[in-house]
Amino acid sequence: MQMDVISIRKKLKKKLDEQRYEHTLGVAFTAMSLAMKYDVDLHKAELAGLLHDCAKCMPDEVKLHKCEKYNIEISDTERKNPSLLHSKLGAYLAEHKYGVEDPEIFNAILYHTTGRADMTMLEKIIFVADYIEPRRNKASNLSEVRKLAFENIDQTVCKIMKDTLSYLEKKNAVIDNETMHAYEFYASETRKTN
Ligand SMILES: [Fe+2]
Ligand SMILES: [Fe+2]
C-alpha cells in the first residue's frame, strides 16, 4: 500500500543523513515548482523527488548485497563504483518499501543520475531538480541554469548533461554510455528548435 507523504518523509529522515535529507526536500519542492510550470501531476513530482535518493546513504557493500538479494542486475562499472547503484536500487525500494505503484515514478528515479534519450516530462523534471535545488552550490553556472529550467526544459537538460560530461572528462571518470547517448539526443533536439 502506498504511504502518505508525511510517513515517507519520516522514514527517509531515518534512512538518510542530514545533508541528504535536506537535499531530498529541496528536490521535492523544486520538482513540484517545475511540475506547476510544465503541467505535470504535483503529487507524482513530489513522490519522485522525495524518493530519488532513498538508497543513497547505505554503505556500498549494503547496496551490492541488496541488489543481489533483489535480483537487480549489476554491471561491471557498477560493481567497481557501487554508488551508481543508488538509482536502480532506489526505484526498486520506492515500489517495494514505500508502496509506490506508478512506473513513471520508478523511471524518474531510475534515470535521475544518467538521464536518457527522449525522457518523459517527469523524468526531465527530476533530472533537472536534482541539479538546481536550492541547497546545491557546487556548479559555477547555477543561477543561469536555474532560470533556464523555468524557460526551456530541454535546453536545461542538454546544458546539465554537457556540464556533467565535461566535469567527468576532467576528472578522467568513467562516462556512462547512456549519458553520452542522452546528451547527443538533447543536443540534436535543441538544435532542431533553435
Ligand atoms: Fe542521486
Ligand atoms: Fe539527488
Side-chain angles (χ1 to χ4, degrees), residues 5 8-9 11-35 40 44-64 66-67 70 72-75 77-98 100 104-116 119-139 141-142 145-146 149 153 156-157 159-161 163-165 167-168 171 173-179 182-183:
V5 166
I8 290 180
R9 277 205 218 155
K11 185 164 171 169
L12 286 170
K13 203 167 188 179
K14 285 190 213 134
K15 302 277 179 192
L16 303 175
D17 63 42
E18 206 179 357
Q19 225 190 341
R20 185 62 46 182
Y21 182 69
E22 280 298 312
H23 161 71
T24 289
L25 294 184
V27 173
F29 288 123
T30 305
M32 282 194 280
S33 309
L34 290 167
V40 166
K44 282 190 190 195
E46 181 169 34
L47 286 175
L50 282 175
L51 291 169
H52 83 285
D53 272 345
C54 70
K56 182 88 179 184
C57 287
M58 46 184 94
D60 283 353
E61 58 280 12
V62 177
K63 284 193 193 84
L64 286 164
K66 285 198 193 277
C67 284
Y70 301 136
I72 299 170
E73 204 186 311
I74 306 170
S75 69
T77 326
E78 287 163 341
R79 200 168 284 282
K80 275 183 224 137
N81 190 355
S83 155
L84 297 173
L85 286 169
H86 82 276
S87 314
K88 277 182 182 177
L89 186 56
Y92 180 93
L93 297 179
E95 179 175 10
H96 295 92
K97 302 288 173 187
Y98 295 84
V100 173
E104 249 204 284
I105 297 180
F106 311 149
N107 282 338
I109 300 173
L110 194 54
Y111 295 108
H112 84 266
T113 322
T114 56
R116 65 164 163 169
M119 290 191 272
T120 64
M121 188 51 89
L122 182 66
E123 289 168 23
K124 289 186 233 182
I125 284 179
I126 298 303
F127 181 81
V128 169
D130 193 28
Y131 193 87
I132 66 165
E133 64 92 3
R135 299 280 185 256
R136 286 276 199 216
N137 56 15
K138 296 233 170 68
N141 54 354
L142 266 176
V145 181
R146 282 178 175 135
I153 194 110
T156 314
V157 167
K159 189 161 184 43
I160 294 174
M161 285 175 173
D163 292 350
T164 308
L165 286 170
Y167 170 79
L168 291 174
K171 272 199 355 183
V174 218
I175 292 172
D176 192 287
N177 279 341
E178 184 91 42
T179 314
Y183 169 63

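Worth saying up front: this structure is predicted, and the values here are computed from it rather than measured. Order of listing sets the numbers, starting from 1, for every ligand and every atom in it.
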For Tyr167, side chain to side chain contact (heavy atoms under 4.5 Å, CB included) partners two or more places apart: Lys171
Not counting sequence neighbours, which residues clear side chain to side chain contact (heavy atoms under 4.5 Å, CB included) with Lys159? List them please. Asn141, Glu144, Val145, Leu148, Asp163
Quick one: does Glu104's side chain get under 4.5 Å of Val40's, heavy atoms only?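 No. Closest side-chain heavy atoms not under 4.5 Å.
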What are the protein N/O/S atoms, named by residue and atom, that sit under 2.8 Å from the Fe ion (ligand 2)?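 The answer is His23 NE2, His52 NE2, Asp53 OD2, Asp130 OD1.
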Which residues pass the salt bridge (charged side-chain N to carboxylate O under 4.0 Å, His left out) test with Lys88, sequence neighbours left out? Glu78
Check the orientation of His23 and His52. Use parallel for under 30°, tilted for 30 to 60°, and perpendicular for over 60°. perpendicular
If we ignore hydrogens and angles and just use 3.5 Å, is the side chain of Arg136 paired with the main-chain N or O of Asp130 as donor and acceptor?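 Here the side-chain-to-backbone pair exists.
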